[in-house]
Amino acid sequence: MAALDKSVEEKLPPSLDAAAEQPPLFDGAARLYTAYICPFAQRVWITRNYKGLQDKIELVPLDLGDRPTWYPEKVYPTNKVPALDHNQKIIGESLDLMKYVDANFEGPSLLPDDPTKKEFAEELFSYSDTFNKITFSSFKGDVEKESGPAFDYLENALQKYDDGPFLLGQFSLADIVYIPFVERLQIFLSEAFKLDITAGRPKLASWIEEMNKIGAYKQTRTDPKEIVVTFNKRYLGR
């Protein structure tokens, strides 16, 4: 289980647009193709940071609004982020990549040894897609009522272990799976619908507070104004 936040501040590289040259491929270096605005890519970025891998895994951020044509043609045919260039192969899908980085690189482990906690972690991973579908689809309806069950799920999950404020007690991949989406939802639902997702959910409020203290996560947070603008345009057509 993770015991130490090994993250360090780093100067972030600029996002590559359509005019940018392609970085070397399969040259022995590990490169994480990401996008600063993408919550799925943020999961792997946090994992990398927490394990102290800033010098081991290079960030290659892409401009999703003007992405390079070489990316789907030569790197990752699905044209999605995140993707990792490592050991002569490209690996994608955020949940798989988080586990891959945790298992194949040095740094504090982000999964517990306790088999019951490991089993619960898998439940949390499995529910994450449902969590996102419930919350994001609620924007078009009664937001508080329709998104409520998803936030209640997290509130209840946070009550399962009392050896720490995180989903498995101690900080783990389970927390990293959810925080990029909770970050965006808390900001957007408050701004667009005046909804406080922590109201009546003290464990969730405490969890968010504790997450905000973790350097590995703080370095990856998106500008709240950018979140509001992006979500208004994408989901509400404003």
Side-chain angles (χ1 to χ4, degrees), residues 1-12 32 34 36-57 59 82 94-95 97-99 101-102 105-114 117 120-121 124-125 128 131-132 135 150-191 195-228:
M1 176 61 71
L4 178 67
D5 183 349
K6 295 181 68 177
S7 62
V8 294
E9 289 287 347
E10 65 179 320
K11 184 177 180 181
L12 298 179
L32 176 62
T34 185
Y36 296 136
I37 192 68
C38 175
F40 293 98
Q42 188 180 1
R43 288 170 165 174
V44 190
W45 185 11
I46 298 168
T47 305
R48 162 196 180 264
N49 288 0
Y50 196 90
K51 291 176 74 72
L53 298 170
Q54 287 85 342
D55 293 332
K56 304 285 186 182
I57 302 177
L59 284 183
S94 62
L95 288 173
L97 257 182
M98 290 169 60
K99 295 177 183 179
V101 170
D102 191 40
F105 289 86
E106 63 190 46
S109 173
L110 280 160
L111 279 175
D113 294 325
D114 183 334
K117 285 191 174 186
F120 188 50
L124 290 163
F125 296 155
S128 62
F131 175 87
N132 292 337
T135 52
F151 294 116
D152 289 341
Y153 175 91
L154 287 186
E155 178 69 16
N156 292 331
L158 285 161
Q159 296 177 35
K160 189 171 179 70
Y161 296 105
D162 60 6
D163 57 333
F166 301 103
L167 284 163
L168 301 180
Q170 303 303 305
F171 182 72
S172 72
L173 290 182
D175 303 294
I176 298 174
V177 165
Y178 284 94
I179 192 58
F181 298 92
V182 173
E183 170 192 332
R184 287 159 175 76
L185 290 164
Q186 183 180 31
I187 291 166
F188 180 63
L189 294 180
S190 174
E191 179 70 25
L195 176 61
D196 177 6
I197 64 171
T198 65
R201 301 184 182 101
K203 291 285 187 181
L204 183 61
S206 175
W207 177 74
I208 293 171
E209 186 178 333
E210 291 300 318
M211 287 298 300
N212 285 332
K213 296 176 184 176
I214 294 176
Y217 162 58
K218 284 195 292 186
Q219 296 167 28
T220 71
R221 292 192 60 171
T222 303
D223 180 349
K225 291 180 181 177
E226 187 175 357
I227 289 173
V228 172

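Side chains are part of it too, since the values below use all heavy atoms of this structure and drop only hydrogens, waters and symmetry mates.
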For residues Phe151 and Thr135, determine if any side-chain heavy atom of one lies less than 4.5 Å from a side-chain heavy atom of the other. yes
As an exercise, state the distance from CE of Met98 to CZ of Phe125, rounded to the nearest 0.5 Å. 5.5 Å
List the residues meeting side-chain hydrogen bond (donor to acceptor under 3.5 Å, both in side chains) with Thr34, not counting sequence neighbours, and say none if there are none. none
To the nearest 0.5 Å, how far apart are OG in Ser172 and OH in Tyr50? 10.0 Å
Return the minimal non-hydrogen interatomic distance between Pro165 and Leu158, and the atom names on each side. O-CD2, 3.6 Å
Within the supplied structure, the quantity of interest is the number of heavy atoms (other residues, nucleotides, ligands) at a distance under 6.0 Å from Lys56 NZ; does it exceed 12? no
With side-chain contact (heavy atoms from CB on, under 4.5 Å) as the test, pick out the partner of Ile197 among Leu154, Ile187, Leu189. Leu189
With side-chain contact (heavy atoms from CB on, under 4.5 Å) as the criterion, how do Arg48 and Gln54 come out once you've worked through the C-alpha distance, each side chain's angles and the decisive distance to 0.1 Å? CA-CA 7 Å; Arg48 162 196 180 264; Gln54 287 85 342; 3.7 Å; yes
Evaluate side-chain contact (heavy atoms from CB on, under 4.5 Å) for Leu167 paired with Val177, printing each intermediate quantity in order. CA-CA 11 Å; Leu167 284 163; Val177 165; over 6 Å; no
Could you measure the distance from the NZ atom of Lys51 to the OG1 atom of Thr47? Nearest 0.5 Å is fine. 8.5 Å
Test log, rule side-chain contact (heavy atoms from CB on, under 4.5 Å), inputs Ser190 and Asp196: CA-CA 6 Å; Ser190 174; Asp196 177 6; over 6 Å; no
Roughly how far, to the nearest 0.5 Å, is the CZ atom of Phe181 from the CZ atom of Phe40? 3.5 Å
Can you measure from CG (Leu204) to CE (Met211) and round to the nearest 0.5 angstrom? 11.5 Å
Which pair of non-hydrogen atoms, one from Val44 and one from Ser94, has the smallest distance, and what is that distance? CG2-O, 3.9 Å
Closest non-hydrogen atoms of Ile176 and Arg43, given as atom of the first, atom of the second and distance, are CG2-O, 3.2 Å
Please tell me whether Tyr178 and Phe131 form a close aromatic pair, meaning their ring centres lie under 6.0 Å apart. yes
Sequence neighbours excluded - side chain to side chain donor-acceptor pair (under 3.5 Å) pairs with any residue from residues 154-168: Lys117-Asp163
side-chain hydrogen bond (donor to acceptor under 3.5 Å, both in side chains) against Lys203, all qualifying residues, sequence neighbours excluded: none
Determine, step by step, whether Thr198 and Trp207 satisfy the side-chain contact (heavy atoms from CB on, under 4.5 Å) criterion, reporting the C-alpha distance in whole Å, the side-chain angles of both residues, the deciding distance to 0.1 Å, and the verdict. CA-CA 10 Å; Thr198 65; Trp207 177 74; over 6 Å; no
For Asp175 versus Gln170, what's the shortest heavy-atom pair and its separation? OD2-O, 3.9 Å
Minimum-distance pair of heavy atoms, taken over all atoms of Phe171 and Phe166: N-CD1, 3.3 Å
Nearest-0.5 Å distance that lies between atom CD in Glu210 and atom CD1 in Ile214: 8.0 Å
Closest heavy-atom pair, Glu226 versus Thr222, reported as atoms and distance to 0.1 Å, is OE1-CG2, 4.0 Å
